Amino acid sequence: MGRYRVRVATGNSAFSGSNNQVQLWLVGLRAEVELGLRLRPARGQMEDFEVDVSEDLGPLQFVKLRKIHLLIKDAWFCNHITVWVFEQSMEEKEIVFPCYRWVEGDGIICLPETTAWMIRNESQGLFQKHQEEELKARRTLYGWVSWKKGIPLSVAAASEKDLPLDARFHEEKKVDFERTRVVGVTEIALKRLYTLLSSWNSLEDFDQIFWGGKSALAKRVRLSWKDDDFFGYQFLNGVNPTLLRKSSSLPTRLVIPPGTEDLKAQLERKLQEGCLFEVDFSLLAGIQANVIQGERQHLAAPLLMLKMEPDGKLLPMVIQLQLPGSDSPVPPLFLPSDPSLTWLLAKAWVKNSDFQLHELQAHLLKTHLMAEVFAVATMRCLPGMHPIFKLLIPHLRYTLEINTRARTKLISNGGFFDQAVNTGGGGHLDVLRRATTCLTYRSLCPPDDLADRGLLGVPSAFYAHDAVRLWDIISRYVQGIVQLHYLEDEVVRSDPELQAWCREITEIGLCKAQERGFPVSFQSRDELCHFVTMCIFTCTAQHSAVNQGQLDWYTWVPNAPCTMRQPPPTTKDVTLEMVMATMPNVHQACIQMTISWHLGRFQPDMVPLGHHKEQYFSGPGPQAVLNRFQEDLYTLEREIVARNESLDLPYEYLKPSRIENSITI
Ligand SMILES: CCCCCC(=O)/C=C/C=C\C/C=C\C/C=C\CCCC(=O)O
Ligand SMILES: [Fe+2]
């Protein structure tokens, strides 16, 4: 018996309130009591009421709530319920029941109090029963499907409309996304109209469409894209810093033609000095090129060799555009000393190839599709009261919807890849399949990946430096939360939901990825922390590193052409006509500019890393861990700002204030 003050908090997004009435129950260890029909929840409001309860409920464990509608079902976004207990001769006690979900229909929702997982063994199985019922319902809502064979599984939804309401964009996000799509389509139409009667036979003609959403760096790209040091810089700190690796030997595919022995000597000298690097696009070899409006596009599978200069500049030394084969046992090598247009076209072929592997492998597969596997497995295996659910859920916001939109508009039949990209038309799916077969656990963990690629401690590798710093900060945050909930390794080993989550990701979502180093179980807190750190890093920092740069590096199309309309050159006689006949045409260039802006721009409702408002945890312990996380992020922010002040090209993509808390675009 006692007096209770109840607070009902409703979300801030449009349509979060409801005209329906809310019915509430308080559920204690010894009894439960129905509080009767109560308020109509209002958007952004916290509404309190007090009740006297005659029964002895015992320690509160759940709040149950239901929406009662007379005529119209009006979904309600409940943030949380908070209850203060005034019991005889005891001080006031605050108990929080997190929700952060839509309440639809007239079903009863059960909200455990925030510390339930820690006391789950003292609750006479009440929490266990609740968890089982919750996961049974979630497994119905979030199903797996194989969208295309050979790539990670995705959520079962033919379009975003099929997703559960809790996985959908909130109104503000949806309106902004749809609006910018309309702006983009309009911009393409206007640019087509504007260039209808104009020439398209010089590289400067790309200026005719270089207007609309573009950044200061995009304007710098337009001026400097032909420079070798600017070209090399992009493999360290551009939109795709994932392919560059330090050479440990001369690549076997690099067949040195007779008469170019001095090149071989230069390469060997750089190798000995430990400053030879390479980017190998062999993954593209043999991929079927797209046909766009009846015009066959073309692909290459380049090898780029670079040297790291003492001042930190990375300069291209040689480009081989195709793998040696029976029809071309000694493919031509393109050099900086070749005629300028020849060398420029060879570099353009490298950047077109980089565009394919960046968007398909580094961006779509290694961030978006990985995050989707984490999201579906989390919804299917971890109950809302589980500490790893609470830790991860803020980093999974909106990901299922943006990925479903990608499958219906970007990489779909007739999507933007088919319309404007030379791996479109099905080749892009083969690239995704090949990339999946070489997607290792190590490649998703920067300390391992960068060590394997020889990029640790390279002064001008700013992505590498910032990625390792962020990994360590996220790792400390994860360890802080894990150690509060798992007091020893045995607790990890004996957590059935956690072990099922791990298996669901590796064996189902990633299609038996244990062969590629992914775990099928966690034997210790360290193993758990490493994996969860990888999940959060992938959903936040890594996506920021490979997404934001689209706006800067892809809107000046010649710097990263989305398609190539003629075969790669096989001689050094390259004319401007050949270059312009190869580069994307006006329509393809307009699509590239628009989508790169649409996807690379800053999201208006963006939540910065570590600054989500939802409070899934409560108590001083988790709050102290989150506070430390935010302090560490702020320290890194200041470090990066200070470093960037001395740089001609500041590296901004891993500034914590620019990292979104989940993959939403
Ligand atoms: C034609 C140029 C395409 C450049 C962008 C690109 O290839 C991106 C690939 C990788 C991940 C994108 C992930 C999500 C994008 C989601 C939807 C895009 C569809 C745009 C729309 O308005 O629906
Ligand atoms: Fe993205």
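Atoms within each ligand, like the ligands themselves, are counted from 1 in listed order. As the structure is a computational prediction, the values presented were derived from the model and not from experiment.
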Review point. Considering only heavy atoms of I591, which atoms of ligand 1 have at least one such atom less than 4.0 Å away?
Key: 1 (C)

**Study point:** contact_flag F417 ligand 1 heavy-atom lt 4.0 Å
**Key:** yes

Check your understanding: How many degrees, to 10°, between N547 OD1 and H543 NE2 as seen from the Fe ion (ligand 2)?
Key -> 90°

Review point. Taking only heavy atoms of I595, which atoms of ligand 1 are found under 4.0 Å from at least one of them?
Key: 3 (C), 4 (C), 5 (C)

Check your understanding: Hey, which atoms in ligand 1 end up nearer than 4.0 Å to a heavy atom of K409?
Key -> 19 (C), 23 (O)

**Study point:** Carboxylate-amine/guanidinium contact E372 R407, below 4.0 Å
**Key:** yes

Review point. When you draw lines from the Fe ion (ligand 2) to NE2 of H363 and to NE2 of H368, what angle lies between them, to the nearest 10°?
Key: 90°

Review point. Is the Fe ion (ligand 2) less than 2.8 Å from an N/O/S atom of I665, whether that atom is in the backbone or a side chain?
Key: yes

Point to revise | Nearest-contact summary for atom 15 (C) of ligand 1 - protein heavy atom, Å | key: L599 CD2, 3.8 Å

Review point. Side chain, backbone, both or neither: which part of E359 has a heavy atom under 4.0 Å from ligand 1?
Key: both

Review point. Among the heavy atoms of Q550, does any lie under 4.0 Å from an atom of ligand 1?
Key: yes

Practice item. May I ask you to check if K191 and W211 form a cation-pi contact, with NZ or CZ under 6.0 angstrom from the six-membered ring centre and within 45° of the axis? Key: yes

Check your understanding: Mind checking whether Y477 and F629 have parallel, tilted or perpendicular rings, split at 30° and 60°?
Key -> parallel

Point to revise | Distance from atom 13 (C) of ligand 1 to nearest protein heavy atom, with residue and atom | key: H368 CE1, 3.3 Å

**Study point:** Pairing of K655 and D466 as salt bridge, 4.0 angstrom limit
**Key:** no

Exercise for review: Note the single closest protein heavy atom to atom 23 (O) of ligand 1, along with its residue, its atom name and the distance in Å.
Suggested key: R181 NH2, 2.9 Å

Study note, to complete from the structure: Closest to atom 10 (C) of ligand 1 among protein heavy atoms sits H363 ND1, 3.2 Å

Check your understanding: Is the backbone of I665 close enough, under 3.5 Å, to the side chain of H543 for a donor and an acceptor to pair up by distance?
Key -> yes

**Study point:** Separation between CD1 of I402 and CG of L599, rounded to the nearest 0.5 Å
**Key:** 7.0 Å

Check your understanding: Is the backbone N or O of D205 less than 3.5 Å from a side-chain atom of Q208, with the two atoms forming a donor-acceptor pair by type?
Key -> yes

**Study point:** Side chain S224, main chain V221, donor-acceptor under 3.5 Å
**Key:** no

Check your understanding: Short list, please: which atoms of ligand 1 are under 4.0 Å from a heavy atom of H598?
Key -> 20 (C), 21 (C), 22 (O)

Review point. To the nearest 0.1 Å, how far is atom 2 (C) of ligand 1 from its closest protein heavy atom, and which atom is that?
Key: F355 CZ, 4.0 Å

**Study point:** ligand 1 versus L360: contacting region, heavy-atom distance under 4.0 Å
**Key:** neither

Practice item. Could you tell me whether D449 and R453 have a side-chain N and a carboxylate O separated by less than 4.0 Å? Key: yes

Revision key, fill the gap. shortest atom 12 (C) of ligand 1-to-protein heavy-atom contact is with L410 CD2, 3.7 Å

Atom pairs and distances, side-chain donor-acceptor, residues 601-608, under 3.5 Å, sequence neighbours left out:
| residue | atom | partner | partner atom | Å |
| --- | --- | --- | --- | --- |
| R601 | NE | H598 | O | 3.4 |
| R601 | NH1 | D176 | OD2 | 3.4 |
| R601 | NH2 | D176 | OD2 | 2.7 |
| R601 | NH2 | T180 | OG1 | 3.2 |
| Q603 | OE1 | K173 | NZ | 2.8 |
| Q603 | NE2 | R601 | O | 3.1 |

Review point. Measuring from Q356:CD to K351:NZ, what's the distance to the nearest 0.5 Å?
Key: 12.0 Å

